[in-house]
Structures are given as C-alpha cells and as structure tokens.
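In what follows, a structure is listed as structure tokens, so that the remarks can point back to it.
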Amino acid sequence: MRTSVLFVDDEKLVLRGVRRTMLLLDSEIECRFAESGQDAIDLLSQEKADIIISDMKMPGMDGGALLKKVKDNWPNTFRVIMSGQSERDLTMKSLGVSHNI
Amino acid sequence: VVQGASIGTWEWNIQTGESTFNQNCKEILGHDLASLSSGSFFIREDYVVSKDLVQAVSSLKRHLAGKTKDFRCDLQVYRKDYELMWINVVGKLITLDDEGNPLKVYGTLTNITERKREERIKELLLKLSRRLPSLSMINTLQAIIDAAETVTYSRYGYIVVLDEEGKPAFSSFSSRTYRKMKIGREDLSESLSDKAFWQKSVQEKKIYIFESPSDLDNGERIKQRMIMPVLSQDRVIAVIIVANKVAEYTTQDKVDLKSLSRSAIDFVIRKQDELELQRSEERYRKIFDHITDAIIIVNSRNGKIIDANDAAIKTYNYSKKKLLTMQWKDLQRKSSSNDRLITNKSDQDYHKKNNGDVFPVRCFPISITLQGRECNFIIVKDLTAEEEAKRKLKITEERLNDFVSNAPIGLFITTPKGEFILANQAMCEIFGYDSVEELKASSLPDNMDFGRGRTRADFLLELKEKGVIKDKRFEWKRKDGSIVIVKETARAHYSDDGEISYLEGTIEDITEKMILEKEIAQAEKLQAVGQLASGIAHEINTPMQYISDNINFLRNLFNSLIDSIKDSGQGYIENLFPEDELGKKNQKLFKTIVEEFPDAIQDTTEGIDTVSKIVSSMKMFSHPGGENMQNANIHKLIEATLRVSKNEWKYIADIEKNFDQNLSEVACYGREFNQVILNMIINAKHAIERNIEEGNIKRGLIEISTKATSENAIITIRDNGCGMSEEVKSRIFEPFFTTKGIGKGTGQGLAISYDIIVDKHNGKLTVDSEIGKGTSFNIIIPISAEKIEDEGVIG
C-alpha cells in the first residue's frame, strides 16, 4: 500500500520544487499537489490522502481553515502545517487543527 | 459806709489862709474841723498823700492864674484814724481884692473813696488780666497777692492754693513781702497765718480780720491781718492773707479784697482752663495730624469741612486752606445728600482726589459736638492698597482655580480611602466621567487595581515610607469599562497622630503615549531593519550574482550535454544504458533528469529574478535617493513599494495599476513618498479586510492610477474597502485619530501622510469615500518643485 501525500501551497514554484525533491525520493510515496485550499478539498474529495502538508498563509482559505475542514471530513488524514513565517496568530490557530510533529 | 453820702461845701480865704467847712465836710473827712481850718486843707502836706498834693497845688495855681474856669482834683487824704480816703474837690475863685488879687475860693468836697476803690480794683484787675496770660502759675499767684496787698493797703501778702482735700498745694508771698523777707519761708508763712483763724475762715468760708502780733526777724511786727478764703463752686481753693495795713482793716477792705480775689481767681481758673484746653488741643492736634488715616470734620448742618488732618491733606492732595473751603460732597465721586453723614454707619464709597483720581474708601462717621456745633468726625480709610491686595488675591485665586480646573493634567485630593475631595476636569476626562460631581459620586476608588495583586493599603504603606510616589503606572477602568493607562504622582498629608489624613497628586493619561511609544519602538525597529535591509540587499546581491552566473553556466552546460547526446538520434536514452534491471532504472532516472533539469533551472532563474527584484525594491523603498528632493520615477517608486508590501496585501487583494505613461519623473522626497504610498496600501488593506468581514466582498481590489496634468502628478489609490462616514472622513488627518482597534493602528499614518504631501511636497491630499463601496485617496503633487495649482480631483 503506497502512502499518499497531498502538498498544498499557493506558490506554484514551491510545489514544483517539492515535486522534484520527491521525484528522487521513495517511489512508495504518491504525491499530489494543490495550489489552494479549495483545490486540496477537491482533490481529497476525489480520493483521500494519508498525509496532508499545507502552507499556512494562502489567499482565500488559509492553511488553518483547510486543516480544520480536513480534520472534520477526513479525521484519519495526518495533518501537517508548514510555515516559513513566524506568524504567531496563524500558527497558534493551526495548533488546534494540525497533528503535532 | 454812710461817709460821703452828701456833698460838703467849704470856702477858703487865700489871704488869711483860713478855711470854713459845713457839717457835711466834717462827716466826710472825720476830722475835727478846727484842725483843718488853718490853711487850705487840700494842700496840707500832713493831710494829703504827697503825690496827690503836687497835683492839687499845680491845679490850684493854674486856676488862680486865671488859666482855668475852676479847679478840680481827686485827692487821697488821711482821715483822722489814718484811714486813707478819696475825696473829690472842686473849687472856684469867687472874689478878688481891689488890686485884682485872688481873695476867696469857694468849693465842694465829695467822698469818692468807693468809686476810687472800685476804679483801683478795676485797674488792678486790668493789669492782672494783661499780665496773667504771659505768667507762669506761680507768678500769677504773686501778681494776685500783689494786687490783693495793694487793694487793701497792706504791707504783707500771702496766698496759699489748696488742693482738693483742702491741703496747701503751693503758695506765694507778695513781691513786697518777698523782698522784705529775711527769714525762711516756713517761718514767715507761719507768722503770717494763724492756725485758729485759718481753720475758722476755711470752715466758715468767711473773711476774718484779727490781731495776732508776731515779731519778724527783720525787726517788723505783724499786727492786724485779714484772712480770706477764696471760693470756687462753693469750695475753698485758696486762702489770701494780708497784713499790716497802716490803718485798721475795714469792711470796705473786705469788700474790695473779695471783689478783687474773685475776679483774679476767675482769671486763674480761666487761664488754667485755657492752658488745659490749649494742651488738650495740642494733644488733639498732634493725634489728629499723626493719625495715618485721613480725618475730616464736617459741619453736619451744611456739610462744610471744618477741619482735616495731615493724612487727609495728603490723601486728597488739596491744600488745607482749599479743603476748608470745600464741602464733604466735593470729595465724593458722586455727590450724595449729606443725610447719610448723620448716620453713624460705616460706608464704602469712592472719593476723588484733587487730580481727579478716584479711589475706594471706607468712611467711619462719628457724631460729635465741637464748639457747640453738631459735627461729623469722619475717618476716611483709603482702601486703594486693600482693594489692590484683594484684587490681586482674587486674581491669584481665580488663576489658581482656573489652573486646577483646566490644567491639562488630572489633579486630585482624596481621602486615604480614595474618596475624592477635589478633582478637576482633566481627571473626569481621563476616567470618562461627565462632571466632577459624577466622578466624586462614582465607585471608582473601590475598583482601582493597584497592579500585581496589590491593594490600596499596600499603596498607602509605600506612600508612607517614601513620602512621595512618583510616576507610578496603573491601568485603571474608565466609566465605560475601557482601560486607561495612567501615571500617578502622589503626596501624603499627615494628621497629628502621624496617620495619612489626605493625599494629593496628579494623574496623567499615558494611554496614547504608551501606544505611541510602542509605535515609536516599532518604527525604530523598522528603521533599523530598513537600514539593515539595504546592507542585507547588498549582501544578498553578491551571492545572487554568482548563483545566477552558475545557474546560467549549468543550463548552458546541460543543454550542450543533452544536445550532444541527442545528436546520437532517437532512443538515445535507451542506447545509453543496457536493458537490464539496473539499466532500466538508470534510464528512468536519466529521463527524469532530461525532463526536469531545464524546468528546475528555469524555476531557479525565476526565483533568482524575484529575489533580485525584491532586493532592488528594498533598496528603492528604503533608499530611493538622498535626503533632498530629487526627480524620481514615481512609477518605479510605487512598484517598489508594492513589492515590499506584497506580503501585506497579496492574500486579500489584487492590485491593478493604471499608470499614465506621460508621467515619469516627479520631484519628490522618495522615501517619504514611498511611506505615503505604503500607508495608503495598508489603509486600503484594512478597509478591504473589514469589508470582507462584513460580507460585502470576497476579495479586494486596490487600483493605483497616475495621471499627469500640465503642472501636477495625480496619484489615486482606490480600494473597494468598507469606506467611511462623513464624520470619520472629517477627522482622518488628525493625529491619533483611528477607527482601528488598539495595536492595529496608531492613528498616525494619515496625519504623517498629510504632512508629507501637503507640507513637504507643497501638494494636496484629498479623499472620497462611500460606506461599503470604498475609498479613494488622491495625492496631488507638483511635477517640478513649484507651487501646486488648484486642480480638479479625479474621481
């Protein structure tokens, strides 16, 4: 059984970099990429993922809101928040919805 | 006394020298007529007092010489008993002999002793009255006793003044007695007075004549004396003793002495009264003139000024002479009826001086009677200094009150429990109360939080220890529950038992200051970051340079490599690796490399470009030029600002740029201009956020357009945020005005923007807004650094 991971980031180039990194890693991991929260929900609706890794700050639905939805709809999906920013408020917000690594 | 009641007649035969008298003459003269009949009686040396004799002889001679119609003279003659008497003799030559020589003189003789004595007393009194005013008391006494001695034909005289208890106070001998005196005064006074008669005379208030011989050491002998008590208001005030008249003392002497002494004593009393009066008048004048308050004496009847003291003269600045011609009402600013003077009520009024100056006074009138006239003795107190002091005090008080009430800092006095005894308006404003009364009635003291779990008791303890608490920060609740940060300075007052009786101090609202301080700290941080940013940008630029170079090198190298491999034709990858398992794995890897490498390089190049742009934008934003106004491409400035602030807006809004390509260089202070654009973008962002929250829009749009007119550059920043009311719009350029929550906005952004555009760039900053629809700010600045013309505003 392959592990499926969904990456979410509004920066396309970031996703492309992640994809390339993943290309050379474990082929057992199935990667999918979404450029917004809504995209991620759509993709999960088609097929659920084992792990969701999301950027925090995004236009529209931000990382926190997304993971909240994921938590509600797909509670078994392991949720990870990525943030390069030290935005305290948003990070704190995410703590309640993400799994802690 | 019957003597001289009738007229005597006589005739004198000059040739024989014989005189004949009628019976009346005998009675008048008291002499045996026979003893007088030889020779003319009135020119007999043994009979007539010598000085009168001379006069009588010369008068007779002139008559006999025919020079006068008749001859008359008053003569003092000795009666048989040696009593001196005055007679008036009038004679006329009646018959001549044949040769025309005088033969017989006929005449009359009248006793004029009584008249003469009276005249003499009068004369003596007249002399006395002339002398007395200039004499001392003792000399006065001597003058009186001299007169008494003279009037009684005495040879010794002595007067003793008694005090109120009837004891001798002082005494004087007559001048003649004094001259004759060889013995001591005591002895002489004893010789003159006689204790028994003295007492009798004083007790009975009667004159006594008595014989009580007493030899003196000058060889003379005191014989007959007359002792007389001098009465004043039925009290014996003095005793007069005269002695040694040649003849016997008579009743007439008693009468004369009484009459003289009464008048003389009257003189003395009057003199003493006068002296007393003079002294008291002097004293009064002295007091009157030395009193520092003005005193004016006014005739109550007609209001005329009768007297004024030195102070009054000085106060009103009139000469005394002038003042005494004036009326009381002339001194008043507004003349009033004189009726009010009669009332003894003190009154405040305004008076005027000679020079017209009006000054406040208080008058204290006192009704007095002066020389029989009803007068008002008025003390006039000049209140100028008092009024001035009052006025100054009032001003000070008003200033103090005004200062306390309107001081821009909260001032208070409270009980140790914190109940307000005094609080000013600023105090009310700090705590959000409408009035001092409301504040005093509030439960504010009960709800004060002294921080870190401390209580009022702790606060008081600290105050007691330190005496003064300075700049203590507290966070207290206002009336509406909001928090106000205050700085308190307090001082304690103590009662006698050493306990705090009350507190006083100041409260300053430092809420805004605290926010500002935070902001300043933030701004300083930003400035520091900004300064660092250009350094960092420079530091980043260097590695970016060689990263960029190396990436280009790698891309070219890779392309050359792939090209050379591709040259081997279709299926070159398969050709490179054997068809075994490992080979297949490598084939797959190689495929990935060929596919992904150019993309990775491309993405990297894009990333490098982005970083380079950000770096140059940072430089552009923080250091667009020098400190001075310079021509700058405002489009580039706007772009740079947008780029550095991208993180602020990109998640909620899109930016639409409509730049007028005719506009390029505009004279501006680059950094300040960027600051304004940034403020506008941040404001737009906040407005958009709110509008999204309110559900009016999903995503924001910030439109930035520029337009060049002949003179000006117009930059319009339009958003589709929440907009603002007219009331808010009218206040947005006020410092510290903000509609944003605490911590989010300082209320400084637009005020600073206004300053930058209007004051520094000589431009205009206008705003249009509609609630729920959006706001647009118009920045109008001159293209060249000249004065802006009044341009219509876009939008």
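In what follows, chains are A, B, ... by sequence order, proteins preceding strands, each numbered from 1.
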**Asked** When you look at CD of B:E581, are more than 12 heavy atoms from neighbouring residues, nucleotides or ligands closer to it than 6.0 Å?
**Response**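 12 or below, so no.
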**When B:I652, B:D599, B:T592, B:L589 are compared by non-hydrogen pairs under 4.5 Å with chain A, the top option** =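 Greatest number of close heavy-atom pairs with chain A: B:D599.
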**Item:** Atom of A:K57, atom of B:Y651 and distance for their closest heavy-atom approach
**Value:**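 Of all heavy-atom pairs spanning A:K57 and B:Y651, the closest is CE-CE1, 3.2 Å.
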**Asked** Can you tell me how far the CD atom of B:E606 sits from the CZ atom of A:R16, to the nearest 0.5 Å?
**Response**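 Here the interatomic distance stands at 7.5 Å.
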**Prompt:** Does the distance from a Lys or Arg side-chain N to an Asp or Glu carboxylate O, for B:K650 and A:D10, drop under 4.0 Å?
**Reply:**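 So B:K650 does not pair with A:D10 through a salt bridge.
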